[in-house]
> 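After the structure tokens below, expect a handful of questions from me.
Order of the sequence lines sets the chain letters (A, B, ...), proteins ahead of strands, with each chain counted from 1.
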Amino acid sequence: MNNLFFLGLLGSNKNEKNHSKVLLIISFVIGILGLVIIMRLIEISFPKEISNKSKVVLKQTIKEKNRGFLLDRNNRILASNIYIYNLKAYPKKIKDPDNIINLLSNEIDLQNNTTLIKKLSNKNKYEVLIKKNITAPQAKKINNKGIPGIEFVPVIKRFYPHKEITSHYVGHVNGKMIGQLGAERTFNNRLKLGENINLGIDIRLQYIVRDELEKARVKYNAKSATAIIANLNNGEILSLVSLPDFNPNQSINPMKNSYTNTATLNLYEMGSTFKMFTIAAAIEFSKINIETKFDASKPIKIANYKIKDYKPKNKILSTKEIFLNSSNIGSSLIALELGKDKLKNFYQQLGLLNKSNINLNEKTKPIIPFKWGKIETATLSYGHGLSISPIQMVEAASKLFNNNQTYTPQIHKKEKYNLKESKKFLSEKTINTMKKLMYENTIVGTAKKARLDGFNIGGKTATGEKAVNGKYDKTKLVSSFLAIFPIEKPKYISLVLFDEPFIDNIKNFRQGATGGITAAPVTADIFKRVFPILGITKNFNLDPGLFVNNKGELNLVSY
Amino acid sequence: MNTKALFTNFFQKWFRSVDLISITLIIFLMILGLLFVTTASPNVAKLKNLNEFYFIKKHYFFTFFSLFFMIIFSLFSTKGLINISYIGFTASIILITILLLISGKNNGSTRWLNLLGYSFQPSEFLKPFTIIIFSILLNLRNNIILLGYSLNGKNIAFLLLLFISSLILAQPNFSMFVILFLVFMSQYFTAGINLKFFLFISFITLLIAILAYLNLAHVKYRVDSFLSPNTTHFQVEKSLEAYQSGGLLGKGPGEGTIKNNIPDSHTDFIFPVIAEEYGALVCIFLVCILLVIFFRGIININNSYNKFKITSCVGLLTLFIIQAFINMAVSMKLIPTTGVTFPFLSYGGSSIISMGIVMGMVLSLTKKKFKEKGLIYEN
């Protein structure tokens, strides 16, 4: 067979030399390809000069910058970068592993000496990691010993000097320096480029708030606790504490309760603070005024539900008295008079039915009632049947007292507050009435324990019962206190909330741990230390005209 | 004549007939390959927990063998080449088939065959022999009766291409399929083109390419990542950085950093290592050497009137230059990522020995012929 082929193959015919043309074409193609390769080579070797002219975009290699710092509003460092050292050993360069491990264990804690010695004796391994996260002084000490075959590898690590104090606000990064929680997550992209960012937090306030809140949480043995102080005018969050918290410098377990930012993630049926919204809506959108009378002498029945008061007065109450006594019956009657659509619409305007607008990634949607009938309108008027997060309460109350529908809580420091953003949705009169009610509540109402002598604040207590298996449990409470201050010209808002507080010395244990008894005095403790920092001074001459148009009304205060 | 004199005479004849410029340039490339692998591979060896000199030692060994095979093959006559190609082709096909069958059982790598402690790729050795077989078939003058059909050589060559393609795509080795196809086309073009048949082949190839894109996950991934401007293949990204940091004159031998990041920096991505350490000028110089070797072969074969020789030589030279071009183009992000070695520069026993055989065949085919008295005559 072979030979048969050759006869045809090897016999050359000198007359047909048309292959030169073909070879020329192939050479030409290959030559062009070679030229393309050379051109591309030149292009990518000197991208700066050429890529401006040509449209080929090479992926720009961003020089890795160190992550930017997080600072508080007064430029105090909240998150910075430090070098730590990982200790590595190269078994091929080590002759006496026992001795080396001995020397090292004098300086640092080594977890398992025998396995390390075994690893170091294995000459097939290129390198062995002995210990991570060694501090610079320790590394220097070990280095001075001159041990052969070991090496320190410097690694940049995120460091949070205030530890637990700022845990949920500032957040933390993961091993790859990517923000996982809090401000680290929100501003990850800007921090990555090396930008330093001022947060709205004031570390002095944060320290005080956490200190007082932790004391109180231990005292009341609460499951969790939250405190927020925010600027009422521009939305900056000055302090946000969620307890329990965690140390972001140590290894973090996201499955633990302490990882949850209760201020933005936990949903509660807040309770009586909603009466502020109900009454404000009633005054604004219906004929009801502060003196309108409602019959709160007996519990009201709607379908199978019975609405009762915590401390029944069993008499006819005015709107004002309903607020000051925190009467559920009264506020239900107000809501039913106002009508469900107007109430729902107002709650919608306050943002209670949507996610909070705060620029933190950790937030949850509120649980809103499946249907909105008569009974829901009644219970929602005093804050049951709708579960919201503490930050939403602050946001809604801020919108109300600031009379600005575009109000959004912000965790970063605002350079200047743009007044044009403001979108009024209530009349000045209603706001003033509400301020007055809030103020009087701290004098004669349920919030007396929040009052500090000489300082004028407004506040509303709230005690929500938690639903357990479809029933409200009177021993599982959510007690909170919302305050705005100074009441003459509100500038700040605060919320203190305890989840399932517990008071020993009250017979009917747990039932007595209401917002007025737990959260209000803690707020006072916080204010005592915070007011000097915020520059709020005592004012004994509160101008009654600020609130009260008719001086005769003042007499009501003293009943 | 005694044996020594016979040997000397034979060698003198070979020395006078072979193209010395080509052989010098190839040996020069081999020496450069030794240098580059020496600087590029220790880090890779470290990464793979091997002795620092592991790859260097092996590469020196294989380069020597490559040179040896090149000279052996350049000694062959055309008839000898054809005979050895029959043997080599059959053996390679059998080995590849066995590998495919074995891998079906133990789900292992399908390209490598372990033999006496060395693993080698039969598909690498298939390349040069296949090219010779293609040339034989493309230049057949008589039709062959196969299963009752009378087929001409070109049709048989095409059927053979389909058969080999299905074998190597089953491995799967998409890059080799592309290379083999381009080589076949160049040979087909040289042997004489038939437009209808050409269109038919193009259609079939397009079909295979689309099927490969849809069915081979790694092909799809690489093509997708090449086409989308945002996601770059990690190795290609590092490789582009290497070109950039190398600049015109490079950082100096052993000073490169890309080899610390890319696990294939001694094989498929050796060119960016060269660019980073020795600079763009050296790279351009290398491309020029490749082109000179190619054009040298083309000029030499142009003197021949033997269509078989011309077709073979074009195929072999195309294989040599296309493989180098694909290797460079991948590292410059001109085409999607695919693993092709750089002739004589990349580490890799099978590929460098196979390339030695290829160039040995080219040298054999382009030998000048002498009359008894020493006068050159055209072959």
Side-chain angles (χ1 to χ4, degrees), chain A residues 1-51 55-63 90-92 122-128, chain B residues 46-50 78-79 82-83 86 135-136 139-142 186 189-193 229-230 232 237 240-241 243-244 246-248 275 279-280 283-284 287-288 290-291 294-295 298-299 301-302 304-311 314 317-318 321-322 324-325 328-329 332-334 378-379:
Chain A
M1 194 78 165
N2 272 347
N3 295 331
L4 216 153
F5 284 159
F6 292 137
L7 295 175
L9 293 171
L10 299 178
S12 49
N13 184 352
K14 294 196 179 185
N15 295 331
E16 41 175 272
K17 200 191 174 179
N18 55 0
H19 58 259
S20 291
K21 221 193 274 173
V22 173
L23 291 181
L24 201 65
I25 293 170
I26 289 179
S27 304
F28 185 71
V29 171
I30 293 293
I32 293 285
L33 287 178
L35 210 62
V36 168
I37 295 273
I38 291 175
M39 298 290 277
R40 175 73 176 167
L41 190 64
I42 292 168
E43 179 181 15
I44 58 176
S45 296
F46 314 100
K48 276 167 203 161
E49 289 127 29
I50 295 166
S51 65
K55 281 185 181 173
V56 179
V57 179
L58 278 171
K59 195 175 178 186
Q60 288 204 334
T61 52
I62 301 164
K63 282 232 166 179
Y90 299 93
K92 279 175 193 168
N122 182 5
K123 301 288 179 205
N124 289 331
K125 277 220 164 182
Y126 175 60
E127 58 180 26
V128 173
Chain B
K46 273 187 199 169
L47 283 178
K48 295 191 174 177
N49 250 328
L50 297 164
T78 310
K79 193 176 170 182
I82 292 173
N83 283 332
Y86 283 132
S135 307
I136 295 168
N139 292 296
L140 267 185
R141 293 210 173 144
N142 309 326
S186 75
F189 187 64
T190 316
I193 202 151
N230 297 327
T232 322
E237 197 180 311
L240 289 179
E241 278 175 32
Y243 284 109
Q244 212 170 322
L248 192 66
C283 288
I284 293 169
V287 178
C288 292
L290 295 174
L291 288 173
F294 178 82
F295 289 132
I298 294 289
I299 290 166
I301 205 68
N302 192 26
S304 171
Y305 287 93
N306 184 321
K307 274 213 152 187
F308 162 76
K309 280 188 175 185
I310 297 169
T311 319
V314 166
L317 286 167
T318 311
I321 201 95
I322 282 289
F325 280 176
M328 289 187 278
M332 295 177 193
K333 213 194 169 193
L334 280 172
E378 294 152 347
N379 55 345

> Looking at every non-hydrogen atom in both residues, tell me the closest pair between Ser20(A) and Asn302(B) and how far apart they are.
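For Ser20(A) and Asn302(B), the tightest heavy-atom pair comes out as OG-OD1, 2.8 Å.
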> Tell me whether Arg40(A) contacts the main-chain N or O of Leu334(B) through its side chain, where contact means a donor paired with an acceptor under 3.5 Å.
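No.
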> Please state whether the side chain, the backbone, both or neither of Ile298(B) comes within less than 4.5 Å of a heavy atom of chain A.
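Both parts, backbone and side chain.
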> Verify side chain to side chain contact (heavy atoms under 4.5 Å, CB included) between Val36(A) and Phe325(B), making sure each step is shown before the conclusion.
CA-CA 10 Å; Val36(A) 168; Phe325(B) 280 176; over 6 Å; no
> Listed by chain and number, what are the side chain to side chain contact (heavy atoms under 4.5 Å, CB included) partners of Ala275(B), not counting sequence neighbours?
Tyr243(B), Cys283(B)
> Where on Leu24(A) is there a heavy atom nearer than 4.5 Å to chain B: the side chain, the backbone, both, or neither?
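No part of it gets close to chain B.
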> Examine whether an atom of Leu248(B) lies under 4.5 Å from a heavy atom of chain A, and if so say whether it belongs to the side chain, the backbone or both; otherwise answer neither.
both
> Of the non-hydrogen atoms in Thr190(B) and Val22(A), which two are nearest, and what is the gap between them?
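Closest approach of Thr190(B) to Val22(A), heavy atoms only: CA-CG1, 3.5 Å.
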> Measure distances from Phe295(B) to the heavy atoms of chain A and classify the residue's part below 4.5 Å as side chain, backbone, both or neither.
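Side chain only.
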> Less than 4.5 Å to any heavy atom of chain A: does that hold for the side chain of Ile321(B), its backbone, both, or neither?
side chain
> For Phe294(B), which atoms come within 4.5 Å of any heavy atom of chain A: side chain, backbone, both, or neither?
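Contact with chain A: side chain only.
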> Excluding sequence neighbours, so at least two apart, what forms side chain to side chain donor-acceptor pair (under 3.5 Å) with Ser186(B)?
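If we apply the side chain to side chain donor-acceptor pair (under 3.5 Å) test to Ser186(B), skipping adjacent residues, the hits are Thr318(B).
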